[in-house]
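All values below were derived from every heavy atom in this structure, side-chain atoms included, with hydrogens, water molecules and symmetry-related copies excluded. None of these values were measured; they are calculated from a predicted model. All residue numbers refer to positions in the sequence shown, counting from 1.
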Amino acid sequence: MLISDYYLFRHGIRQVRTGWADGPAYVTQCPIQPGHSFVYNFTITGQRGTLLWHAHVNWLRSTVHGAIVVLPKHGVPYPFPKPDDELVLVLGEWWKSDTEAVINEALSSGLAPNVSDSHTINGLPGTVANCSTQDVYNLPVESGKTYLLRIINAALNEELFFKIASHSLTVVEVDATYVKPFKTETIVIAPGQTTNVLLTANQKSGKYLVAASPFMDSPIAVDNLTATATLHYTGTLSSTPTFLTTPPPKNSTQLANNFINSLKGLNSQKYPVNVPLKVDHSLFFTIGLGIQPCPSCKAANGSRVVASVNNVTFVMPTTALLQAHYFNINGVFTTDFPANPPHVFNYSGAGPANLQTRSGTKLYRLPFNSTVQLVIQDTGIIAPENHPVHLHGFNFFVIGRGLGNYNPKTDTKNFNLDDPVERNTVGVPAGGWTTIRFRADNPGVWFLHCHLEVHTTWGLKMAFLVDNGKGSKQSLIPPPKDLPKC
């Protein structure tokens, strides 16, 4: 796959020992410069389903993104009734301004960036007031047929609800892993997540509204506009009135929790759930916002909003981390990322009096094939907020989640070690926590970050350095000859 003009890609691809093809700028490679190219060469290991590709430098992924559909091997059926057809739906955000200008203005002011001007479904906002483009995306269906909808949230900063008037959806897959099927009228999907649903065209012929609207249960500014499309039965006249639906209120926490809690791993004989039962590294990461001095930030009174993991605001290097690791280049990073927060406080409360974070390019080192349990705790500093956290290079199992502060004495009793859902991006609830487990069986440097792009920009990110194992088959391969130079 050839990508040019300095943008990068990948999301959720399980590629073993080929971290050079992962994509995030200054983590696994330097950005591709204008007029140059880089061939991403990798093998997809043990995956089938819906994933996505997107730019991974600055805010370019607002428009540089798309679907990756990995089909099952020939002769291998889906573990659910075969659909008559398949459709890809990419949900996104759109700004009237250049998104690079939006974030640059925010960084210079120290304040939050402007929210988007609309949401989109396959690039179209639908019937949005004060919008010059009123084009509506049409999903063509035939009465009686069943469709597999591959839904992707490629938005920069917002979790979204998705629903179709008068139709139920059967969820069968998330993040390219099969789940126990269940029916719902509304799905919730965070940036970077994918969800496959079965839709049966079992209503009377006509047009039905499709809606993608924001989910935000904290006092954070969001784009309140609902993107719309139309489910269009074959033979329906364009002048036919559309059956409408009402999007959920943006703060529908219980609706979102009900959906998330319904996700269970398929755990069949053919698709088992191999969650690690023994834990080698037990980590506790707090995530959230903070403040740092910024004398030039006049609009924010000499300070700026930042974000952090365990109070470390990550500083991107000017040499790619994977290159520094492979070639033993000193001074690029350290491996002293804290396994626990440096200060204990009421994490889900208002936070400590001192909101300042420390900066650094710190990695956490893992031996090959070690197992990790990671508790990710949202903090109430400035404001609690949902955080979709994405881990590169691995799938992980979501074994627990809850509101308030994580309690290791009581919350572990409710962990699901039987059929937890397997993902690559997980939503940490506002003022709450999520626990994941994974096996570090992929050598290299792997990025962990919030998939709200504003939080990644502000520093809510870190990386795991996974050592080589024994022999060449457990070791990072040498870098390709056309690897971009910084």
Side-chain angles (χ1 to χ4, degrees), residues 25-26 55-63 92-119 130 154-160 190-192 214-225 250-251 286-316 345 347-360 378-389 427-428 430-431 449-462:
Y26 298 110
H56 220 306
V57 59
N58 302 325
W59 277 31
L60 294 180
R61 76 174 174 91
S62 62
T63 54
E93 286 180 277
W94 182 79
W95 279 257
K96 295 179 180 178
S97 304
D98 177 4
T99 52
E100 296 302 291
V102 171
I103 186 56
N104 288 338
E105 180 182 353
L107 292 174
S108 64
S109 71
L111 301 174
N114 292 336
V115 299
S116 56
D117 293 294
S118 72
H119 296 108
N130 301 319
L156 280 189
N157 293 314
E158 293 180 6
E159 298 189 57
L160 296 170
F215 166 51
M216 173 56 71
D217 56 357
S218 298
I220 304 293
V222 295
D223 175 0
N224 286 312
L225 294 180
K250 69 178 182 180
N251 62 346
T286 55
I287 59 174
L289 305 182
I291 298 291
Q292 284 187 352
C294 177
S296 64
C297 298
K298 306 302 182 184
N301 297 320
S303 62
R304 66 187 181 102
V305 179
V306 295
S308 67
V309 183
N310 274 355
N311 207 47
V312 177
T313 296
F314 195 84
V315 176
M316 295 302 289
F345 59 96
Y347 305 119
S348 58
N354 183 2
L355 304 183
Q356 190 167 335
T357 67
R358 52 181 177 151
S359 298
D378 179 40
T379 66
I381 298 175
I382 300 181
E385 190 173 350
N386 296 322
H387 297 276
V389 175
V428 180
H449 62 96
C450 181
H451 223 272
L452 302 180
E453 200 64 30
V454 61
H455 291 169
T456 299
T457 303
W458 283 345
L460 205 165
K461 48 196 174 186
M462 57 84 63

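A heavy-atom distance below 4.5 Å is not found between the side chains of Asp217 and Pro384. In this structure, Gln356 and Pro293 have side chains that are in contact, with non-hydrogen atoms separated by less than 4.5 Å. Side chains of Glu159 and Pro214 form no contact here, defined as non-hydrogen atoms less than 4.5 Å apart. Looking at heavy atoms from C-beta onward, Glu385 lies in side-chain contact with Met216 at the 4.5 angstrom threshold. Annotation: side chain of Leu452 is in contact with side chain of Pro388 (closest heavy-atom distance under 4.5 Å).
Under the rule for a side-chain hydrogen bond (donor to acceptor under 3.5 Å, both in side chains), the partners of Trp59 that lie at least two apart in sequence or sit in another chain are Thr457. With sequence neighbours left out, Asn311 forms a side-chain hydrogen bond (donor to acceptor under 3.5 Å, both in side chains) with no residue at all. With sequence neighbours left out, Asp378 forms a side-chain hydrogen bond (donor to acceptor under 3.5 Å, both in side chains) with His387. Residues passing the side-chain hydrogen bond (donor to acceptor under 3.5 Å, both in side chains) test with Thr357, sequence neighbours excluded: Gln292, Thr313.
With hydrogens and angles ignored, the 3.5 Å screen pairs a side-chain donor or acceptor of Thr379 with a backbone N or O of Ile287. In this structure, Asn310 contributes its side chain and Thr286 its backbone to a donor-acceptor pair below 3.5 Å.
Rounded to the nearest 0.5 angstrom, Phe314 CZ and Ser359 OG are separated by 11.0 Å. Distance check, rounded to the nearest 0.5 Å: CG of Leu156 to CG of Leu60 gives 9.5 Å. Remark: Asn157 CG to Ser62 OG distance equals 10.0 Å, nearest 0.5 Å. From Ser303, atom OG reaches atom CG of Leu355 across 9.5 Å, with rounding to the nearest 0.5 Å.
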N/O donor to acceptor pairs below 3.5 angstrom from side-chain atoms of residues 101-116, sequence neighbours left out:
unit_1, atom_1, unit_2, atom_2, d
Asn104, ND2, Glu100, O, 3.0
Ser108, OG, Asn104, O, 3.3
Ser108, OG, Glu105, O, 2.8
Ser109, OG, Glu105, O, 3.3
Ser109, OG, Ala106, O, 3.0
Ser109, OG, Leu111, N, 3.1
Ser116, OG, Glu93, OE2, 2.8
Ser116, OG, Asp223, OD2, 2.9

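For residues 449-461, every residue pair satisfying the salt bridge (Lys or Arg N to Asp or Glu O under 4.0 Å) rule, not counting sequence neighbours, is listed here: Arg61-Glu453.
The two residues His455 and Cys450 have their closest heavy-atom pair at ND1-SG, 3.6 Å. The shortest heavy-atom contact between Phe215 and Lys250 is CD1-O, 3.2 Å.
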Would you sort out whether Val306 and Leu289 count as a side-chain contact (heavy atoms from CB on, under 4.5 Å), showing the intermediate values?
CA-CA 6 Å; Val306 295; Leu289 305 182; over 6 Å; no

side-chain contact (heavy atoms from CB on, under 4.5 Å) between Leu460 and His449, intermediate numbers included:
CA-CA 6 Å; Leu460 205 165; His449 62 96; over 6 Å; no

